[in-house]
Structures are given as C-alpha cells and as structure tokens.
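We name chains A, B, ... by the order of the sequence lines, and we start the count at 1 in each one. Basis for what follows: all heavy atoms, side chains included, without hydrogens, waters or symmetry-related copies.
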Number of protein chains: 2
Amino acid sequence: RDLLPDGILYASKESHYSIFKASRMYRMECQIIDTLITGEINCTELREKLFLNKDKPAIVNVNIGTTFKGGVDNLDLIIKTLEECGFSHDRFYIHCDAALNGLISPFLEYGPKLSFKKPIRSISVSAHKLLGSSIPCGVLMTRKGRITNNLSENVEYIDTLDTTISGSRNGHAPIFIWYGLKMKGRSGLHTEVNKCLTNAKYLRDGFKNAGISAMLNESSIVVVFERPLSREFIDYWQLSLLEKMAHVVVMPHVTVKMLDDFLDDLVQNREIWYGNGKVQPLCLAEEIGVSNCACLVHMN
Amino acid sequence: RDLLPDGILYASKESHYSIFKASRMYRMECQIIDTLITGEINCTELREKLFLNKDKPAIVNVNIGTTFKGGVDNLDLIIKTLEECGFSHDRFYIHCDAALNGLISPFLEYGPKLSFKKPIRSISVSAHKLLGSSIPCGVLMTRKGRITNNLSENVEYIDTLDTTISGSRNGHAPIFIWYGLKMKGRSGLHTEVNKCLTNAKYLRDGFKNAGISAMLNESSIVVVFERPLSREFIDYWQLSLLEKMAHVVVMPHVTVKMLDDFLDDLVQNREIWYGNGKVQPLCLAEEIGVSNCACLVHMN
C-alpha cells in the first residue's frame, strides 16, 4: 500500500481473514473476487473488476493454498490477466500467501512455481505449520528495494533499522525455524510432504469409499468433507468448520491409524445420524462439485 | 481510530516510534507535540493544537514513562486540557502507554494513578521488561464495549472471536506472564521496584559526584547521562543513545557492584577523553536542564 498508495486490493473471498482485516486497518479499497469450486480465484471475475478499475494500481493477494480448501490460485493466469488488462509491472503488486503450501510446492513436480523471476513482489510462508515451530511465526520474502522509507526507519536508540509492523520480535522464532530446517533438511521435508500427500489421498479415498462427500485438490494436504452432524463429534476431533463443510489438514504427525480411527468413528456416527433415513446427508454439490458430492441426488 | 475515524492522533515527540509508525500505517492525521525537559508532554502546546483542531475528535497517546527519559505525561492535566478545549468524553480517546512504568506506578505512593474511573480507554504494559518474560509480550487493557466490530470478527473455521491486529499469537506468552506474576507476587514486584528506584538514585548520585551530566526523573528507573565519546565504550556496555544522551535503565538484575564497575570505567575513560582539556564534555543543558548539566559552563 505504501508503494501504491491509491492501489486497490484484490483478493478472493476464500483468502485468509487477515487480508480483509488488513484492508480495513490500512484503509485500502478492497475488491473481493469470487472463487471456483476448488477454492482458487475466478480469473474471469478478476478480469472484469480489474478492467473497471484500470485507473488505479492493483495490489493482488494470490493464495498458494487457501485456508479452507487448499485451493491454489493460478499465478501465471493472474499475471496474464493483469497484463492483458493493461497493468504495467510498476502498476501492480502481487503478494503470494503461501502460508501452508510454501513448504509443499517446492517439492511438487507439477506444482505452482513461485519465483521472483516472475513479477511478484513478496511471498509469505508460515513456520508453525509444516516446519513445526511451537510458536506462530513465518517468513516474509521481498526484495530489499521494495521496502519503502515509510515502512523502514532507522531508530537511533535501538541502533537498528525497524522494518516490521509490530516492532520487537520473538528472538526464539528464527532459532526454531533454523532448527526445523536443519533437522529435517531438504530431503526430510520432501519425505514428509510426500507422506502428507499420500495420506491425504488415503483419507479422501476412505471418504469416497464410505459414500461421504469429500474433495481433495491437486497436490493438496487439505481434505474437505461434509460437516458432521453432532457437536460432540466435532469437539472430540477438534474439527474446523465452514458452513456445510469440515476439513482435515493431513500434517506430518498424522498416521494412517489415526485416519482409520477417525473414519471408523465418522462412519459409525453417520449410521446414528442418517441410518434411519429421517435426516439426509447434506448436498455439497455447490461447495465441492457434483462429482465430489455423495448426497442422495448426486451419489451415483 | 475505528471508534473515532476522523480523529487526530496527538502524541509527544518523545513517544515510542511505534506510535508514529501506527499513524502512518493506519492513515491517521498526527499532531506531534513538544516536550518539557523531563520528557513529558508540553500541555501548553497540546492545548494550542487541540484548539486549532476542535472540529475533529482527539486520540491522545499518554506516555506513562517515555522510552528514553522515562518522563511521565501528566494524565490529569491532559484530561483537564481536553475538557477545557471543549472535547466531550465521547470525542476523545486516551491511550496510556505504560510499557515500562505500568508495573512500577502501582507501587508508588505519589505516582500517576491509572484507573478506568478516569476517562481513559486503554492501557498497555510490557511483560518482557520488569516481569522478565524472555519473549516480547504485553497486555492491552480496554473495556469490552470499546472493541468495535471493525476490529473484532467471529471467524467460523477457527471457532473464535479475533480481536487482534496480527492474528495467531504465541501461546507461551500468557503462561510466562502468569508465571512471572505468580512467582514474584505483589510483594515481590514491590520489593524489586523499590530496589530499582534506589539503585537508579545511587547511579544518578554517582554521576553527579563524578561531575558527569545526568538526570533522573521522579520515581523513574531510567538514568540519562552524557553520551560517551568512544564507540568501544558504548559497544562494551551496550548503551542506548539518543543524540547527545545515553541512558541506563536500572532493571531488577542490576546490582550496585555493576553500577560501580560501570561508573569506574566511565570515569577512567573520561580521563582519557577529556583529561588533557582539548575536548570538553558536551553541554546537556537543553536536553536535561541547567541544574543537571555538568559542562564547563553549567558545572557550578
């Protein structure tokens, strides 16, 4: 916002809530863009809204893995859309929010390629997710020249350059990040990512075989499924919910045994919820697509 | 800012740099007010600026201990000034920045009385200073009713109300705070505060007796003195500097022995810097007052 003070923020509606919080706090105009079933941004709508606001620079939040569905915005298509709408590279700023997927995509053969060779200006990655830091922390990468004077300040009495939003930071966080990276190493992370991807597919297949609506995006570790009916079950498994959906993020500590136990419990409970036929499982066609929906109408 | 969207931020020039950073980030108009020699806000200038901007609400940052001099703004006078300038209680917001002194002033007989019975709306206190948390953290106190909808949001998929600026927080921080409070207790903190106040006076007197310019505000643990001449000395003692000044924050771990060693080292070095009379000690009359200045002109 400091680089493009009158820029409009474009973010898909499935972006992390902090994006919209930031737009309110920083007094930025914000255009919310619709999403596809995968959770990724709808570039047709993005194009329309960019076209309507050609006179103002564009600040685009690109989700490399949305919070709930793990949908990955099509970075190359977004860049193409910006260029085709007449935005020169100095009139747009792309931030890639790769909180979860930032440590997955480098290990994917066909995953999204994030690189500063493309006209992106910053990438953020969490370190308390796949890397396992016990405190919330992460890394924001940007080019030094992109840090404006408005955001960096030489503070004499601490004898350092402050380039942060919140000032004093936790000194343990970088040590945890360093430790996580050193202990796991590139090959350790690669192995973990492969394990997560395999287990996520295993869970998705388990849902499907049990006749439960479920979706797993390409190269994602987030399995979306129907919202369980009882609060007790939700609380027991500490499930995260969104409207008619729930999801499981298949992290490295999750074993096949855990997935089996979870699925068995769900299947048993569904027998109680839906067994007598009085209540029907929710239709999730709109949320995760007809092919992933196992409601009475779409089950075949 | 969300409660008073067109409010003007008033803060003394000796406020923490994060205040001015916030005003830039949040796109708030900011009026910087001059200070007295103690570091406290100049209420005469505050009155003038308030009077000139009577049409807009006032958001006032009150320093309960400034960063460099430990100066305490006169809260009661600030409230009186606001009222006399015609600001009704719903047209001003007072935040008390008590980062360091928030854990000192409760134990002072004649210290500033912070209370929500006065028309203040928030108080912040650091927990990584006197309380000793090993990670930067603190507490912001406000009335629940003052948290606007713009700043709090019920986020379904984390099943909680987000009232923070930066979202996910360190879960260890509240444990450290709880531990610090439980271990020290009210009487332990009181003893520590008394020790710090006594040691700060001891250091101030040491400076004075050695003919070195120095200032210690009433009920403060921050001793301001002349900026040492050599980088080596500054680095060795890890001194914090501001223009012609340096300061020592006399924290609970600081012993009389440490203060003696520091003062001895400074006196020996000053002999090298100023002993041959070629270089004179700096005049600090403007910074800390004529009575605290020990330069050649003001030493008597």
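Near-neighbour residues of residues 122-136 of chain A relative to chain B, defined by a heavy atom under 4.5 Å from a heavy atom of that chain, comprise A:S134, A:I135, A:P136. Contacts with chain B (heavy atom to heavy atom, under 4.5 Å) involve these residues of residues 10-17 of chain A, listed by number: A:H16, A:Y17.
Salt-bridge formation is detected for the pair B:E156/A:R227: a Lys NZ or Arg NE/NH1/NH2 atom is positioned less than 4.0 Å from an Asp or Glu carboxylate oxygen.
In this structure, the side chain of B:R1 engages the main chain of A:M25 through a donor-acceptor pair within 3.5 Å. Formation of a donor-acceptor pair under 3.5 Å by the A:K21 side chain with backbone atoms of B:D162 is not found in this model.
Heavy atoms closer than 4.5 Å to chain A are found nowhere in B:S18, neither backbone nor side chain. Both the backbone and the side chain of B:Y26 come within less than 4.5 Å of a heavy atom in chain A.
Enclosure of atom CD in A:E29 by more than 12 non-hydrogen atoms of other residues, nucleotides or ligands within 6.0 angstrom is indicated. In the displayed structure, B:R169 atom CZ is contacted under 6.0 Å by at most 12 heavy atoms of other residues, nucleotides or ligands.
Top candidate by heavy-atom pairs under 4.5 Å with chain B, chosen from A:C137, A:S166, A:A22, A:S168, is A:S168.
For the pair A:R24 and B:D2, the minimum side-chain heavy-atom distance is 4.5 Å or more.
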